[in-house]
There are 2 protein chains.
Amino acid sequence: MPDSSRRSCSPEFALLGFLYLQPGHGYDLHRRLTAELGEIWRVSQSQTYNILKRLQSQGYLTARRVTQEKLPAMQTLEITPAGRARFEAWLAAPSGGGVRAVRLDFLTRLYFARQLDPSRLPAMLADQTERLRQTVARLEVRQASGEINRLSLQLRIRQLRSVLEWLEECAETFTRTPEPEDRPGS
Amino acid sequence: MPDSSRRSCSPEFALLGFLYLQPGHGYDLHRRLTAELGEIWRVSQSQTYNILKRLQSQGYLTARRVTQEKLPAMQTLEITPAGRARFEAWLAAPSGGGVRAVRLDFLTRLYFARQLDPSRLPAMLADQTERLRQTVARLEVRQASGEINRLSLQLRIRQLRSVLEWLEECAETFTRTPEPEDRPGS
DNA sequence: TATACTTACTCACTCAGTGAGTATATCCGA
DNA sequence: TCGGATATACTCACTGAGTGAGTAAGTATA
């Protein structure tokens, strides 16, 4: 794994989540991913297929070939019980305490929690805030050797603080609009 | 490539840069990387070797086997003219306008520019600031569909703004201490 | 009638990254 | 003195991230 606390560095849980909500096929899942979470995950079509293939080989999805009248044949993907369990575990577990984890993992969890269990949103936001505070505290006492390492550390701390501010704004947004209106697939 | 503007998503230029300054071998380069730029690049030893092997296969480095009296044999790596050119081009070219580019690419360039041509530092900082301002401006007019995409966009803008603040602090640091005292390899 | 787009996917490739393993030498304490 | 920890210096096999081009059909458009 690249740097730190990478539970999911690819949109695998987003894809799993779409299929948790309803079955679908690769082409469509890619479109939904870019439409619904395009500011979070920027993946190519082939990469989407790569991930789906892996999820399938790991037993989280099953595929069924469907021939269509006029359009090319497609593989309808369905989530397995193992896949459902995996997704639920992911959704319930906290995200990491880094910037990246918030930008990717946490935001994706927000997206699904909003649709599946909006009552958990305040707790999720509070937990994440706490986690980030801990990370900041840890970095603040850390000493780096050399000017560049010090600057890098300062940058990371600043970044984390701005995530904390953003989380406050987030909390506001969700208390203002407790019910999601723009449900996907409608 | 993962998300956006990834000129160098691995410490290849840092390694090339170390060898630009003086020849060395893999083990030592990895140690220097973690010591000098450990807050920027967090790579395993084997990954360092992977990158070095690639640089070698691309003709930017040459290796020479050296047998030692008591210690294991090692490969001394030397930069080629093509490698020097590549490094110089990288050092002179601007970094991307994203957070990641600053955290990785730009900071690494700062590290080397400080040693090789400190007079360019103010210009580098100014250029990078300008680039980031442009990115912010671009994102501010962009509209995202859906609450989550909007939140993600707001987060990115906040992140960029905090990088801008950090750049100001950076400029201060470098005007206060124009001469680097902690040169490596001394 | 040509051509360009949409649907739906496949393939071959490079790069990122890890974790364990190998082999030798030195140091340090019981 | 003997055994274990640590340092030097790499290697290997593996999974996963990511791209870009290609394929093959139907459908709209000019």
Side-chain angles (χ1 to χ4, degrees), chain A residues 1-16 18 23-35 40-61 63-77 100 104-105, chain B residues 1-16 18 23-35 40-61 63-77 100 104-105:
Chain A
M1 305 208 166
D3 17 303
S4 60
S5 73
R6 277 278 163 115
R7 258 197 345 180
S8 126
C9 174
S10 83
E12 59 166 322
F13 287 103
L15 293 169
L16 207 52
F18 286 141
H25 59 281
Y27 186 85
D28 183 48
L29 287 166
H30 178 251
R31 270 202 319 195
R32 285 173 66 187
L33 191 59
T34 53
I40 301 175
W41 302 107
R42 201 147 313 183
V43 281
S44 63
Q45 202 191 31
S46 38
Q47 178 61 357
T48 303
Y49 281 105
N50 287 342
I51 295 163
L52 289 171
K53 188 150 282 179
R54 178 161 42 89
L55 288 171
Q56 201 184 321
S57 80
Q58 289 170 335
Y60 300 125
L61 306 180
R64 205 159 32 83
R65 186 149 203 90
V66 178
T67 52
Q68 298 177 107
E69 275 279 310
K70 317 219 145 178
L71 292 171
M74 63 180 183
Q75 297 230 319
T76 300
L77 300 169
R100 186 180 202 79
L104 303 178
D105 196 85
Chain B
M1 302 207 167
D3 18 304
S4 60
S5 72
R6 275 273 167 121
R7 259 194 345 177
S8 124
C9 173
S10 81
E12 59 167 324
F13 287 103
L15 292 169
L16 208 53
F18 286 141
H25 59 281
Y27 185 84
D28 183 49
L29 288 166
H30 178 251
R31 269 202 320 193
R32 284 173 67 186
L33 191 59
T34 52
I40 301 174
W41 303 106
R42 202 147 312 183
V43 281
S44 63
Q45 202 191 29
S46 38
Q47 178 62 357
T48 303
Y49 281 105
N50 287 341
I51 295 164
L52 290 171
K53 189 152 282 179
R54 178 160 44 90
L55 287 171
Q56 200 184 323
S57 80
Q58 288 170 336
Y60 299 126
L61 306 179
R64 203 158 35 84
R65 186 149 202 89
V66 177
T67 51
Q68 298 176 108
E69 274 279 308
K70 316 220 147 178
L71 293 171
M74 63 180 184
Q75 297 231 318
T76 300
L77 301 168
R100 185 178 203 78
L104 303 179
D105 196 85

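Residue numbers begin at 1 in each chain, while the letters A, B, ... track the order of the sequences.
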Exercise. Nearest heavy-atom pair of V43(B) and H30(B): which atoms, and what distance?
Worked result: O-NE2, 3.1 Å

Exercise. What pair of heavy atoms forms the shortest contact from A14(A) to W41(A), and how long is it?
Worked result: CB-NE1, 4.1 Å

Exercise. When the distance from CG of L52(B) to P of dG17(C) is rounded to whole Å, what number comes out?
Worked result: 14 Å

For this session: Give the rounded distance in Å between these two atoms: CG of L77(A) and C1' of dA8(C).
Result: 12 Å

Problem set entry | Nearest-angstrom distance from the residue atom CG of L15(A) to P of dG18(D) | 12 Å

For this session: Kindly give the heavy-atom pair with the smallest separation between L104(B) and I40(B), and that separation in Å.
Result: CD2-O, 3.6 Å

For this session: Quick one: closest heavy-atom pair of T48(B) and G26(B), and the distance?
Result: CG2-O, 4.4 Å

Exercise. Taking atom C1' of dG17(C) as reference, at what distance in whole Å does atom CH2 of W41(B) sit?
Worked result: 14 Å

For this session: Take nucleotides 10-16 of chain D nucleotide by nucleotide from the 5' end and write B, S or -, depending on whether a protein heavy atom sits under 4.0 Å from the base, only from the sugar-phosphate, or from neither.
Result: BBB---S

Exercise. Once you round to the nearest 0.5 Å, how far does CG of L55(A) lie from NZ of K53(A)?
Worked result: 12.5 Å

Exercise. Over how many whole Å does the gap from Q47(B) atom CD to dA9(D) atom P extend?
Worked result: 21 Å

Exercise. Which residues satisfy the side chain to side chain contact (heavy atoms under 4.5 Å, CB included) test with A63(B), sequence neighbours excluded?
Worked result: Q56(B), Q75(B), L77(B)

For this session: May I have the distance from L61(A) (atom CG) to dC9(C) (atom P), rounded to whole angstrom?
Result: 13 Å

Seminar exercise, completed: In whole angstroms, the gap separating C1' of dA17(D) from CD1 of I51(A) amounts to 8 Å

Problem set entry | Contact under 4.0 Å: R31(B) side-chain N or O vs dT8(D) OP1/OP2 | yes

For this session: Provide, to the nearest angstrom, the distance between the NE2 atom belonging to H30(A) and the C1' atom belonging to dA17(D).
Result: 14 Å

Exercise. Closer than 4.0 Å, any side-chain N/O of S44(A) to the OP1 or OP2 of dG18(D)?
Worked result: no

